[in-house]
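Data first, discussion second: the structure below is written as structure tokens.
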Protein chains: 2
Amino acid sequence: MSPMDSAVARERALDAAEELFYARGVQAVGMDELRGASGVSLKRLYQLFPAKEQLVAAYLARRDERWRGRLAAHVARQREPRERIPAVFDWLEGWFGEAGFRGCAWINVHGELGAASALVADQVRAHKEAFRSYLTSLVDDAGLPAALAGPLFLLAEGAMVTAGITGSTEPAAEAREAARALVTAAGRDGLSRPSPAP
Amino acid sequence: MSPMDSAVARERALDAAEELFYARGVQAVGMDELRGASGVSLKRLYQLFPAKEQLVAAYLARRDERWRGRLAAHVARQREPRERIPAVFDWLEGWFGEAGFRGCAWINVHGELGAASALVADQVRAHKEAFRSYLTSLVDDAGLPAALAGPLFLLAEGAMVTAGITGSTEPAAEAREAARALVTAAGRDGLSRPSPAP
DNA sequence: TTGACGTGAGAACGAGCGTTCTCCTACGGT
DNA sequence: ACCGTAGGAGAACGCTCGTTCTCACGTCAA
């Protein structure tokens with residue numbers, strides 16, 4: 001029963017961490033509260049994660065996998081490669097509208113711990129780098145100039161941060177329209193490979 | 001000597017708060033350290049600001065005034081209204097390159113305290129709203145469609161957050177080029193209206 | 001049955017926090 | 001010269017935190 005339970009306890013700890021850390025911030029949630037919410041004893045928590053910092057890192061790592069997986073799954077439903085780019089912002093819009101949405105977990109945790117924890121800062125950089133790479137692959141598949149990925153990334157980041165602050169889903173729509181305009185402009189100007197003429 | 005000194009003490013307290021809160025985060029800096037850095041006694045600190053939360057709010061308010069003042073001063077040096085929009089991103093680039101730059105203070109503090117302090121969250125919203133309004137006025141003065149302001153705002157926010165995470169100034173240049181493309185596209189056929197038939 | 005071990009519940013610890021209080025000094029108005 | 005008051009230094013208070021320790025219990029191997 002023991003090795004299996006370790007895996008279960010780990011998942012429960014990460015479930016509680018994700019819910020509480022995201023909703024209220026890392027520093028506002030103590031290890032004791034985490035124990036109460038997860039049902040995992042303090043002793044076990046500390047044998048699974050040698051310190052709170054590692055639990056935060058593990059929470060971010062698991063969330064990163066899930067977040068990018070869901071985004072990719074939604075985007076992949078678009079057959080037309082060029083339509084996959086606005087689909088990113090459609091997905092963001094749905095995310096912004098979820099109950100309990102409170103901005104990008106990585107941006108928030110970077111504001112909170114980026115200066116104090118190199119481990120956490122690295123997780124944040126890795127997540128953002130992975131997201132940017134994903135956008136680059138979408139741009140590439142659409143036959144658009146690679147230079148488009150940066151601006152699309154900035155629009156997405158701006159939308160996340162603004163939605164987190166204002167609580168509105170509208171930044172996603174704004175960003176999507178801007179992205180469409182950039183794609184059109186890039187397709188029109190000579191920088192890219194041929195685009196389907198009207 | 002007393003009323004004058006209160007003003008001086010307030011400035012010193014805010015100077016120390018700005019330096020320490022911005023560099024290391026609000027929760028990582030205690031009131032005692034603030035006293036040491038400012039030379040303002042704890043008693044005075046608490047008679048100037050009834051609680052730490054108010055000191056944080058005052059720090060953000062003063063920084064807001066300065067930040068927007070510097071930005072506006074830099075942008076106003078451009079005579080041509082349409083050139084003022086890229087000038088915003090030029091200024092951001094300079095800011096990102098400053099020693100000790102650690103991202104947008106408001107975004108960071110929102111990640112740290114946005115869930116816990118309504119006072120602070122309000123300051124953040126007010127600052128971002130003011131910045132957005134400023135961009136709207138620039139767009140307006142340039143005779144461009146008002147719908148351009150939203151995307152420009154998102155590009156700027158995305159650049160700030162990305163520069164804060166990666167430590168690079170490049171997001172400013174990326175955002176500036178994207179902004180130029182959007183301005184060109186909007187000048188060509190408008191942004192918000194349904195895309196015209198070719 | 002025994003005994004070693006892993007676990008859970010929770011107390012304990014040491015540190016740090018925001019905030020308040022004490023005490024002492026020093027000055028200004030009369 | 002005097003008292004009242006404001007201010008500075010810093011101790012004190014009550015609380016919370018991350019982390020570790022205690023101890024009693026249950027479980028399996030031999």
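Computed from a predicted structure; not experimentally measured. Just the heavy atoms: all of them, side chains too, but no hydrogens, waters or symmetry mates, feed the values below. Below, read A as the first sequence line, B as the second, and so on, with proteins coming before strands; counting in each chain starts at 1.
For B:His110, there are no side-chain hydrogen bond (donor to acceptor under 3.5 Å, both in side chains) partners at least two apart in sequence or on another chain. Under the ring pair (Phe, Tyr, Trp, His ring centres under 6.0 Å) criterion, A:Phe21 pairs with A:Tyr59, sequence neighbours left out. Under the salt bridge (charged side-chain N to carboxylate O under 4.0 Å, His left out) criterion, A:Arg12 pairs with no residue at all, not counting sequence neighbours. Residues forming a side-chain contact (heavy atoms from CB on, under 4.5 Å) with B:Leu71 (at least two apart in sequence, or on another chain): B:Trp67, B:Val75, B:Val88, B:Trp91, B:Phe131, B:Tyr134.
B:Gln47 places its CD atom 15 Å from the P atom of D:dT5, with the value rounded to the nearest Å. When the C1' atom of D:dT19 is taken as reference, atom CG of A:Leu45 falls 12 Å away, rounded to whole Å. Atom CG in B:Leu48 sits roughly 14 Å away from atom C1' in D:dG8 (whole-Å rounding). Atom CZ of A:Arg35 and atom P of D:dT19 are 15 Å apart (whole Å).
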Kindly list each side-chain donor-acceptor pair under 3.5 angstrom involving residues 168-175 of chain B, sequence neighbours excluded, with atom names and distances?
unit_1	atom_1	unit_2	atom_2	d
B:Ser168	OG	B:Glu170	N	2.8
B:Glu174	OE1	A:Arg132	NH2	2.8
B:Glu174	OE2	A:Arg132	NH2	3.1

Exercise answer: donor-acceptor pairs, residues 95-105 of chain B side-chain atoms, under 3.5 Å, sequence neighbours excluded:
unit_1	atom_1	unit_2	atom_2	d
B:Arg102	NE	B:Tyr22	O	3.1
B:Arg102	NE	B:Ala23	O	2.9
B:Arg102	NH2	B:Tyr22	O	3.4

Report, one pair per line, the protein and nucleotides 18-20 of chain C atoms (nitrogen or oxygen only) whose separation is under 3.5 Å.
unit_1	atom_1	unit_2	atom_2	d
C:dG18	OP1	B:Lys52	NZ	2.2
C:dG18	OP2	B:Met31	N	2.7
C:dT19	OP2	B:Tyr46	OH	2.9
C:dT19	OP2	B:Lys52	N	2.9
C:dT19	O5'	B:Tyr46	OH	3.4

Give every pair of a protein N or O atom and an N or O atom of nucleotides 25-28 of chain C that lie under 3.5 Å apart, one pair per line with the distance.
none

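Note on residues 138-159 of chain B: pairs passing salt bridge (charged side-chain N to carboxylate O under 4.0 Å, His left out), not counting sequence neighbours, are B:Lys128-B:Glu157.
We find that B:Arg180 and B:Glu83 are joined by a salt bridge, their nearest charged nitrogen and carboxylate oxygen being less than 4.0 Å apart.
The listed nucleotides are C:dG8, C:dA9, D:dG10; the one nearest the side chain of A:Arg44 is C:dG8.
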